[in-house]
Amino acid sequence: MKRTRIACLLKTEKRGINVVAAGWVRTRRDSKGGFSFVEINDGSCFANLQVIAPVTLTNYEDEILRLHPGASVVVEGLLQASEGSGQSVELKARAIGVLGFAPPVEYPLGKQKISFERLRELPHLRARTNSFGAVARVRNVLAHETHRFFHDRGFLYVHTPIITSNDCEGAGEMFQVTALDPHAPPRRGDGAVDYAKDFFGRRASLTVSGQLEGETYACAMGDIYTFGPTFRAENSNTRRHLSEFWMIEPEMAFADLDDDAELAEAFLRHLFAAVLTQCGADLRFFDQRILPGVLARLERLANAPFGRVTYTEAVKLLEGSGKAFEFAPFWGMDMQSEHERYLAEEVFKGPVVVTDYPEAIKAFYMRRNDDGKTVAAMDVLLPEVGEIIGGSQREERLDVLEVAMSKGGLNPDNYSFYLDLRRYGSVPHAGFGLGFERMVQFCTGMHNIRDVIPYPRAPGLCY
RNA sequence: UCCGGCGUAGCGCAGUGGUAGCGCAGUUGGCUGUUAACCAAUUGGUCGCAGGUUCGAAUCCUGCCGCCGGAGCCA
């Protein structure tokens, strides 16, 4: 069986050719004119293919009339200009083979409305809906274009480990990985679990970030990036958080914060432009059914340069705004969602890069600025979503880094590999992290991040 | 974790103290080069769970469970 994807069939100019298509039935309409309309979708594009199933088919009475949404079919027939007005081509069937029926009483995805909440209970079937098919295609393009962007710039793709023995890093609570019997783990004399007897001979967890390992490769290979799953055991229950999500983390040697911000802006604009050119039909669906205006927003962002402001200037803007924030802004505060959104939506009316945050509210590895108060950190803020990228120039001076670690209560023994990078041939370097699902969310306008990843994991959610 | 909202038929929802309703899906019939087809009839519910108030509770109260939204944490 040599089938042609529906995306190709709908694109071709040829008519009157014999083709085979295969897919899943979306809807069937019977006509008394001697045939039924059967719309099938195969995931290759947003649109369905209209199949004309004449009553003369040998299995018309006993099979075609039993086709309901979800049934799988292989159709052989003639690709012809459509007599109807809703589509330019259709497939006039000479034979329709039914691979599998989908009884409408049991199959949950009929023609009736269904909520995203309900679909989350059906992750194995939801890709068959318009929304999730479109999300899957946009997500695929974003992933592919991420690799293309970095490869075109000479960045090396590095696979950082998923299981790690890094003793936290401050990024969040970690999922423990163990092969010990949870009911009877080996114990030391003091009663504590003896992880020396665990699989790795020490306590291990799922990674919360590939950054530290990524830095080690940047400090040998130059420009690198990672793109892989990360895990947070935080009990955060919002539409913007997942327990398992994919993160993109570039790291550049011989680079400072300005280089970092330039890379972030170029990367985001590349992705915006890519989905606009490659996902037209899907984006039009999102624009019509999910979030009106999402298309225009992407077009605007793909062309507009990002705003740039220091944290100190940003706080002055907030203080002088006259706006009644729930949390009054002051220098030294960690910016609240309302502050970030005000900057992006009302002051800059577009993406903005905020740099040079107070040392006290940022991570230990960020480079101390000469003012003694701030670090070379940056956040990229988008309208409506807030922070999408967090990054920094890294502290490359051994003595300064050691002081920062002890201030943060971190045990240097757990970071000897990281400190070695500063002991031997240290170089200035910088990088950032981007939550991939938030990017998918932003491009599709999908409200809940659980609906932009195939199998979402969140507190209490692991189908 | 905190605050707020919701939980009624397979699905989406209405119903604020007096015998449970609508749309879709299903079934039956009709009609049509149809477009999430349309028209008519019809099947289907321990109103999340457990207590309580009341002559009477989907409706009011308490607890629990689940989900959603916002916040925090962050990406």
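It should be emphasised that the depicted structure is a prediction, and the values quoted were computed from it without experimental measurement. The basis for the numbers below is simple: all heavy atoms, side chains too, and nothing from hydrogens, waters or symmetry mates. We name chains A, B, ... by the order of the sequence lines, and we start the count at 1 in each one.
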With sequence neighbours excluded, tell me which residues meet ring pair (Phe, Tyr, Trp, His ring centres under 6.0 Å) with F348(A). none
Rounded [atom1] spacing from [N] to [M] in Å:
N: G23(B); M: U43(B); atom1: C1'; value: 16 Å
N: G17(B); M: G26(B); atom1: P; value: 37 Å
N: A57(B); M: C74(B); atom1: C1'; value: 45 Å
N: G44(B); M: G21(B); atom1: P; value: 13 Å
N: G70(B); M: G33(B); atom1: P; value: 48 Å
N: A14(B); M: A71(B); atom1: C1'; value: 31 Å
N: C47(B); M: A40(B); atom1: P; value: 31 Å
N: G45(B); M: C13(B); atom1: C1'; value: 14 Å

Does this structure show an ion pair linking R367(A) with D256(A), if we count only N-O contacts that are shorter than 4.0 Å? no
Considering only NZ, NE, NH1 and NH2 on the basic side and carboxylate oxygens on the acidic side, decide whether E251(A) and R394(A) come within less than 4.0 Å. yes
Whole-Å distance between [N] [atom2] and [X] [atom1]?
X: L65(A); N: G26(B); atom1: CG; atom2: C1'; answer: 16 Å
X: E340(A); N: C74(B); atom1: CD; atom2: P; answer: 11 Å
X: E173(A); N: U1(B); atom1: CD; atom2: P; answer: 13 Å
X: R29(A); N: C38(B); atom1: CZ; atom2: P; answer: 10 Å
X: H241(A); N: G69(B); atom1: NE2; atom2: P; answer: 13 Å
X: Q211(A); N: C74(B); atom1: CD; atom2: P; answer: 14 Å
X: R28(A); N: U35(B); atom1: CZ; atom2: P; answer: 15 Å
X: R232(A); N: G72(B); atom1: CZ; atom2: P; answer: 17 Å

Considering only distance and modelled atom types, tabulate donor-acceptor pairs under 3.5 Å from the side chains of residues 105-118 of chain A, sequence neighbours left out.
unit_1  : atom_1 : unit_2  : atom_2 : d
Y107(A) : OH     : R128(A) : NH1    : 3.3
S115(A) : OG     : R118(A) : N      : 3.1
R118(A) : NH1    : E121(A) : OE1    : 2.9

Residue matched to [N] through Watson-Crick or wobble contacts both under 3.5 angstrom:
N: U27(B); result: A41(B)
N: A14(B); result: none
N: U1(B); result: A71(B)
N: U35(B); result: none
N: U19(B); result: none
N: C60(B); result: G52(B)
N: U46(B); result: none

Contact under 4.0 Å: [X] side-chain N or O vs [N] OP1/OP2:
X: Q336(A); N: G72(B); value: yes
X: R120(A); N: C68(B); value: yes
X: R239(A); N: G70(B); value: yes
X: T27(A); N: A37(B); value: yes
X: R450(A); N: C68(B); value: yes
X: S337(A); N: G72(B); value: yes

Classify the ring geometry between W246(A) and F227(A) as parallel (under 30°), tilted (30 to 60°) or perpendicular (over 60°). perpendicular
If we ignore angles and hydrogens, is there a donor and acceptor under 3.5 Å between the side chains of Q211(A) and Y365(A)? yes
What nucleotide among C11(B), C68(B), C73(B) has an atom nearest to a side-chain atom of D334(A)? C73(B)
Between G26(B), C73(B), A37(B), which nucleotide gets closest to the side-chain atoms of K111(A)? A37(B)
Need one value for S115(A): base, sugar-phosphate or nothing, where a base atom within 4.0 Å counts as base even if backbone is also close, heavy atoms only. sugar-phosphate
Touch check for L242(A), heavy atoms < 4.0 angstrom, all strands: base, sugar-phosphate only, or nothing? base
Nearest-nucleotide check on RNA chain B, F245(A) vs N235(A); residue mapping nearer the 5' end is N235(A)
RNA chain B nearest-nucleotide lookup for R118(A) and G86(A): closer to the 5′ end is R118(A)
Pairwise side-chain hydrogen bond (donor to acceptor under 3.5 Å, both in side chains) hits with a residue in [range], at least two apart:
range: residues 454-463 of chain A; result: none
range: residues 133-146 of chain A; result: R137(A)-D282(A), R139(A)-E437(A), E145(A)-R148(A), E145(A)-H270(A), E145(A)-Q278(A)
range: residues 5-17 of chain A; result: none

N369(A) meets the side-chain hydrogen bond (donor to acceptor under 3.5 Å, both in side chains) criterion, sequence neighbours left out, with D356(A), T374(A)
Is there a side chain to side chain contact (heavy atoms under 4.5 Å, CB included) between N448(A) and R120(A) once you walk through the steps? CA-CA 11 Å; N448(A) 195 308; R120(A) 268 171 231 152; 3.5 Å; yes
Protein-nucleic acid N or O pairs under 3.5 Å, nucleotides 40-42 of chain B:
none

Validation row, ring centre Y225(A) to ring centre F150(A) under 6.0 Å: yes
Which residues share a salt bridge (Lys or Arg N to Asp or Glu O under 4.0 Å) with R153(A), sequence neighbours left out: none
Residues which pass salt bridge (Lys or Arg N to Asp or Glu O under 4.0 Å) with K373(A), listed by chain and number, not counting sequence neighbours: none
Residue pairs passing the salt bridge (Lys or Arg N to Asp or Glu O under 4.0 Å) test where at least one lies in residues 85-98 of chain A, sequence neighbours excluded: E76(A)-R94(A)
Protein proximity profile, nucleotides 27-33 of chain B - base contact B, sugar-phosphate-only contact S, no contact -, cut-off 4.0 Å on heavy atoms: ----BBB
Interface polar pairs with nucleotides 4-9 of chain B, N/O, under 3.5 angstrom:
none

